[in-house]
Amino acid sequence: RVSAAMSVAEPRDGTLDASSTAHIPTRDAPGLGRNTGGVRLHRVPNPRWRAVPCASLRAHPRYVALPPVERVLSGASGAPVVDDAALPFIRQHTEQWMAARAGRVTTSTFALALGFWSDEFALAHLRLPLRGRASKEARDAAARDAVSVASEEVRVDAGSAKSASDAATRARCLAAVDAYNAELAAAVADGDDGKLTALDAGGWAVTREHAVAAAAGGARDVACALGKEQEAAALLAVLGAFPNSYLVETGAVALGGGAANLAASPDGVLVFPALGHSDDATETTLAKVVAAGSYERLAKPKPSKQSKRSKQSKQSKPAKPSKDRVAAYHSSPSSASAWPVPDFPQKTRVAVAVEVKVASPFAWSTSGLKSYNNQAQYKVDAACDGAKDHVAPIHVPQAVLEAAALRVAGTVVVSYSPVSGGANAGASLRMRYVPRDDAYVETALRVLRANASAEKEETTTRCRDFDRLVRRTKRIASSAALVADLAPIPIPEGAEDSAFLR
């Protein structure tokens with residue numbers, strides 16, 4: 001079993017952190033007052049509370065893990081280059097992953113480039129926090145990055161040679177993934193912790209001093225640190241909720257077609273049994289909502305009111321598309337070409353992207369918990385209900401872009417919390433499904449091009465597209481179907497019990 005000691009500071013990519021736990025910041029936390037003596041006198045929330053390191057997740061038999069970057073790029077001819085074909089096989093949060101994403105608009109900046117954080121209508125209609133407000137200059141700069149694709153001459157000259165190169169790169173990377181997971185399975189079967197460590201399966205994401213610095217920064221920084229550290233536990237909970245499914249680790253995936261310079265980095269891809277191929281209630285529920293979303297997108301558009309009046313007696317209801325057409329939409333043979341897994345049985349399996357959002361139970365409060373000098377403290381909020389029961393509108397562009405880039409049926413937004421109705425209960429998990437929406441992406445691309453244009457005037461077309469996109473975002477968030485509501489969830493074996501570092 002992998003050690004969960006807080007003194008072991010090892011990021012998720014497996015590389016040791018050079019920082020030392022001896023250098024802990026002692027500056028006063030904002031809002032604490034100058035008589036507190038700094039954060040040393042205050043409770044520090046533990047981001048690893050009830051969490052497990054990434055090695056525990058990668059060792060799971062139904063988790064397809066990515067190998068270390070060196071293994072993925074070792075067979076490349078010449079200097080290792082992380083192109084679009086190899087990018088999905090590069091572990092997230094590594095130096096190569098960060099470098100390959102430079103200059104692209106990713107899911108974290110997609111909403112900024114669209115203008116959601118700089119437009120008054122979007123801020124009010126989506127009820128976004130004003131502290132995230134951005135300038136129109138920041139919006140335009142991000143939009144220019146989003147539409148800065150290669151020139152037409154470069155794309156034409158690449159031709160079939162690039163396609164052949166991409167196929168060779170994908171085959172080489174898939175072989176590295178298969179070999180690595182075989183070694184992981186052998187190490188787990190033998191109970192060889194030393195071999196598991198040598199395989200560089202990854203560790204923790206947040207060091208002790210970073211946790212103390214987050215506590216000094218405030219509850220928002222604590223929530224960010226908690227989100228980084230709880231991701232592995234959340235994905236393990238997803239695997240527990242889907243007993244006949246498997247999760248695939250993935251890096252960043254570029255939006256195909258050369259339409260824009262966009263990339264998405266989901267927390268994983270869930271491959272689960274199609275409708276009628278599983279007896280599990282949760283898997284059946286997800287299969288039903290995926291099929292319902294596919295029917296809705298593929299059905300013929302409803303006639304207008306004027307058309308209804310003129311042809312009310314002659315017109316019949318649009319027929320639902322066939323099951324074969326629905327299956328072809330969300331599990332086409334090309335859908336698996338964008339992420340690290342071989343082709344799976346198309347008629348019995350369906351793939352969706354997975355995006356994890358961690359709800360923090362830590363609150364900064366002046367009630368019920370006092371220090372010796374009568375100052376407020378961090379505490380585990382007894383009123384916290386655990387995982388959130390909704391999809392925030394600001395997360396919709398991210399979910400839609402991930403489904404479009406990976407060419408899967410949709411995205412499952414997972415809300416996870418280490419608590420459930422109080423600190424003494426287990427963890428909680430709520431999952432909602434956001435279907436893939438190609439029309440949404442097309443409208444978003446038009447808005448991006450308008451934002452990146454040199455013309456600063458707000459044209460009528462741009463305003464109409466943007467307003468439509470904002471309203472569609474709110475509708476998608478409010479109509480996201482509930483897939484699972486599980487609580488309490490057993491705490492992973494070997495997880496830390498202490499909610500606070502001190």
Side-chain angles (χ1 to χ4, degrees), residues 63-66 82-92 97 100-101 104-108 110 146 166-167 169-170 173-174 177 231 235 238 242 245-272 274 286-287 289-290 293-294 297 326-346 349-357 391 395-414 431-442 444-445 476 480 483:
Y63 188 79
V64 181
L66 291 179
V82 181
D83 55 9
D84 287 352
L87 187 55
F89 297 88
I90 303 300
R91 285 183 181 179
Q92 296 187 26
W97 178 78
R101 294 168 70 250
R104 296 179 188 264
V105 169
T106 60
T107 49
S108 59
F110 189 38
D166 289 349
T169 299
R170 175 172 169 78
C173 293
L174 282 175
V177 171
E231 184 178 307
L235 294 177
V238 171
F242 294 86
S245 309
Y246 60 91
L247 270 170
V248 181
E249 184 179 7
T250 182
V253 180
L255 182 67
N261 193 23
L262 300 172
S265 300
D267 295 318
V269 178
L270 179 67
V271 182
F272 64 97
L286 179 57
V289 299
V290 168
S294 300
R297 292 192 301 274
V326 173
Y329 182 87
H330 60 66
S331 40
S332 59
S334 62
S335 64
S337 63
W339 39 282
V341 69
D343 293 341
F344 53 87
Q346 303 298 318
R349 292 278 177 175
V350 183
V352 292
V354 176
E355 182 60 36
V356 175
K357 303 297 179 183
V391 174
H395 296 152
V396 169
Q398 178 182 14
V400 174
L401 179 59
E402 289 175 351
L406 273 70
R407 287 168 281 177
V408 293
T411 300
V412 173
V413 180
V414 177
M431 304 172 63
R432 287 189 176 271
Y433 175 71
V434 176
R436 189 174 114 196
D437 194 334
D438 294 340
Y440 184 100
V441 175
E442 292 174 1
L445 291 178
I476 291 175
V483 175

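Just so you know, these numbers use all the heavy atoms, side chains as well, and skip hydrogens, waters and symmetry mates. Note that the numbering runs from 1 along the sequence shown for the chain. All values derive from a computational prediction rather than experimental measurement.
- Annotation for Val253 and Ala405: closest pair CG1-O, 3.5 Å, computed over non-hydrogen atoms.
- In this structure, Arg436 and Asp438 have side chains that are in contact, with non-hydrogen atoms separated by less than 4.5 Å.
- Side chains of Leu66 and Ile90 form no contact here, defined as non-hydrogen atoms less than 4.5 Å apart.
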**OP:** Would you sort out whether Leu235 and Val354 count as a side-chain contact (heavy atoms from CB on, under 4.5 Å), showing the intermediate values?
**Re:** CA-CA 9 Å; Leu235 294 177; Val354 176; 4.1 Å; yes
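- A distance of 8.0 Å separates NE2 in His395 from CD in Glu355, rounded to the nearest 0.5 Å.
- Taking CZ of Phe89 as the reference point, atom CG of Leu174 lies at 4.0 Å (rounded to 0.5 Å).
- Take Arg101 and apply the salt bridge (charged side-chain N to carboxylate O under 4.0 Å, His left out) test, not counting sequence neighbours, and it matches no residue.
- Checked by atom type and distance alone, the side chain of Arg432 pairs as donor or acceptor with a backbone atom of Ala480 at under 3.5 Å.
- A pairwise comparison of heavy atoms in Ala263 and Leu401 identifies O-CD2, 4.0 Å as the closest pair.
- Under a 3.5 Å cut-off, the side chain of Gln92 and the backbone N or O of Thr250 do form a donor-acceptor pair.
- Looking at residues two or more places apart in sequence or on another chain, you find a side chain to side chain contact (heavy atoms under 4.5 Å, CB included) between Ala100 and Val82, Leu87.
- The closest side-chain heavy-atom distance from Leu286 to Phe242 is below 4.5 Å.
- Counting only heavy atoms from C-beta outward, the side chains of Val290 and Val352 approach each other to under 4.5 Å.
- A heavy-atom distance below 4.5 Å is not found between the side chains of Thr106 and Ser265.
- When side chains are defined from C-beta on, Val64 does not count as touching Glu249, because their heavy atoms never get closer than 4.5 Å.
- Counting all heavy atoms, side chain and backbone alike, Tyr440 lies closest to Pro397 at OH-CG, 3.5 Å.
- Put simply, the side chain of Val248 does not reach to within 4.5 Å of the side chain of Tyr63, judged on heavy atoms.
- A distance of 11.5 Å separates CZ in Phe272 from CG in Leu247, rounded to the nearest 0.5 Å.
- With hydrogens and angles disregarded, a donor-acceptor distance shorter than 3.5 Å links the side chain of Thr411 to the backbone of Ala399.
- Residues Val350 and Val271 are not in side-chain contact: their nearest non-hydrogen atoms beyond the backbone lie 4.5 Å or more apart.
- With hydrogens and angles ignored, the 3.5 Å screen pairs a side-chain donor or acceptor of Asp267 with a backbone N or O of Val356.
- Here the closest heavy-atom approach between residue Phe110 and residue Leu262 is recorded as CE1-CD1, 4.1 Å.
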